[in-house]
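The structure under discussion appears below in the form of structure tokens.
Here the structure is a predicted model, which is why all the values come from computation and not from measurement. We name chains A, B, ... by the order of the sequence lines, and we start the count at 1 in each one.
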Number of protein chains: 2
Amino acid sequence: MSPRPAVRPGGRSARVQESVHWAVRELQAEGAALTVPLVAARAGVTPSTVYRRWGDLQELLSDVAVERLRPDAPPADHGDLRADLEHWAVVFLEEMASPPGRSYLRDALAGDPDGSNAGVCSGFARDQVELILTRAAERGEHVPDVETVMDHLVAPMIYRVLFRPGPLDAGFARDLVATVFYRLMPLP
Amino acid sequence: MSPRPAVRPGGRSARVQESVHWAVRELQAEGAALTVPLVAARAGVTPSTVYRRWGDLQELLSDVAVERLRPDAPPADHGDLRADLEHWAVVFLEEMASPPGRSYLRDALAGDPDGSNAGVCSGFARDQVELILTRAAERGEHVPDVETVMDHLVAPMIYRVLFRPGPLDAGFARDLVATVFYRLMPLP
DNA sequence: CACTTAACGCAAAGATTCTGCTTTTGATTC
DNA sequence: GAATCAAAAGCAGAATCTTTGCGTTAAGTG
């Protein structure tokens, strides 16, 4: 529910949405202090268009952040659940803990009064995890529950990214995967 | 690092800080649409004072939110680790998942560019958990690591509060405590 | 092709944010 | 306990951003 009434998916509306998002990304890359009039000017659009469509800068940034957090490829397939989960977790943590990752995450939450964008982001991770688990199950591997992975692998990583200023290394991700594997796997 | 240069802890500065925080709470309770001029007027202060001290409305709201998230009492002591953790977790989840709790949490994160307020919030939970664990250890009980509790009890609860719009019940908190107890306790 | 209406542009009015300058006052020193 | 220094507050005008009404454009529909 992000371009507020998600109607008129084609034509001019779509072009406006695209050029506004693109303007935000461009200005963010330049390290500019973002404002609605600035974004609108860069996008070749009037400020009132942005206000009417997104409400305010935060909601626009939240929408852009969600798009940036959307995975661009399915998780790599190593033919082994443990390897798949570890690789995915390490890359995911690295991306989320990077300075841009942290700020996309914060933007996504900040301009999202009803939590719908947050839900979408969580859905991205869940879909990726689900795919890894499904592939493993199809190979006949013994797999944990998606919720278990969300609660004990994804949640701890995201919690630290959001609430702990310090650095996070791949070892943390691997330790969590090991915990899921050796202590939280459902009993056969 | 919230009243930006945290100097001049007493006198007028302290009074201004207090009346501004109080004004925010009062206006939030009234369900008003907050703006800096509105808050300033209610606090009997000039808007420029607020801008100079807090930078913008979000940072002010972040500071207020942190104060609201600060625990007002140590966790109850039931003389038993499992009972202590369960009661604490149930209450904590209930508070964080409530509509005001969710919005304080979001405010705290949103107006916190460097993550310091988030770190303080995380510290609140950590301190509470640490107290529960220390008391249990002093009783001679076998206790898990603080980090284990943060990663596998606090993190999943907060993750769901932030990223899942739906309701959360005490059962979830209890299940997490059970998992920490029966599957994540360090081997003796 | 005509029709309906959501979405955009424009411009003026309204509200917020910023800034330079002055005044107040908390902390420190003699 | 008075004098001093500097941080923080007040004030007011300027700059910027936000809102709103109204006319226009163009997407979707029959």
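Applying the 3.5 Å distance criterion, the base of C:dG9 shares no donor-acceptor pair with the side chain of A:Arg53. At a cut-off of 3.5 angstrom, counting only N and O atoms as typed in the model, there is no donor on one side facing an acceptor on the other between the side-chain of B:Arg15 and the base of C:dG26. Side-chain N/O atoms of A:Arg12 and base N/O atoms of D:dG28 include no donor-acceptor pair closer than 3.5 Å. Side chain A:Ser48 to base C:dC10: a donor-acceptor pair is found below 3.5 Å.
Against DNA chain C, the stretch residues 36-47 of chain B makes heavy-atom approaches under 4.0 Å through B:Val36, B:Pro37.
In the model, A:Ser62 has no side-chain atom that pairs as donor or acceptor with a side-chain atom of A:Asp112 under 3.5 Å. Side-chain atoms of A:Gln28 and A:Arg68 form a donor-acceptor pair, as typed in the model, at a separation below 3.5 Å.
Note on ring orientation: taking the six-membered ring where Trp is involved, the planes of B:His78 and B:His87 are parallel (angle under 30°, cut-offs 30° and 60°).
Here D:dT19 presents its C1' atom at 15 Å from CD of A:Glu59, a figure rounded to the nearest Å. Here C:dC18 presents its C1' atom at 16 Å from CG of B:Leu57, a figure rounded to the nearest Å. When rounded to the nearest whole Å, the span between CD of B:Glu18 and C1' of C:dG26 equals 17 Å. Rounding to whole angstrom units, CD of residue A:Gln17 and P of D:dA27 are separated by 15 Å.
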Atom pairs and distances, donor-acceptor, side-chain atoms in residues 149-157 of chain B, under 3.5 Å, two or more places apart:
residue, atom, partner, partner atom, Å
B:Asp151, OD1, A:Arg160, NE, 3.2
B:Asp151, OD1, A:Arg160, NH2, 3.3
B:Asp151, OD2, A:Arg160, NH2, 2.9
B:His152, ND1, A:His152, ND1, 2.9

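In terms of phosphate contacts, A:Thr35 brings a side-chain nitrogen or oxygen within less than 4.0 Å of OP1 or OP2 of D:dC17. B:Thr49 has a side-chain polar atom (N or O) that falls below the 4.0 Å cut-off from OP1 or OP2 of D:dG10.
Remark: A:Arg139 engages A:Asp77 in a salt bridge, criterion side-chain N to carboxylate O under 4.0 Å. At a threshold of 4.0 Å, the pair A:Arg25-A:Glu30 does not count as salt-bridged, since none of the basic side-chain nitrogens sits closer than that to a carboxylate oxygen. Contact check on A:Glu95 versus A:Arg70 returns no salt bridge, with no Lys/Arg side-chain nitrogen under 4.0 Å from an Asp/Glu carboxylate oxygen.
For A:Arg52, whose side chain is taken as the heavy atoms from C-beta onward, the closest listed nucleotide among C:dT19, D:dG21, C:dC8 is D:dG21.
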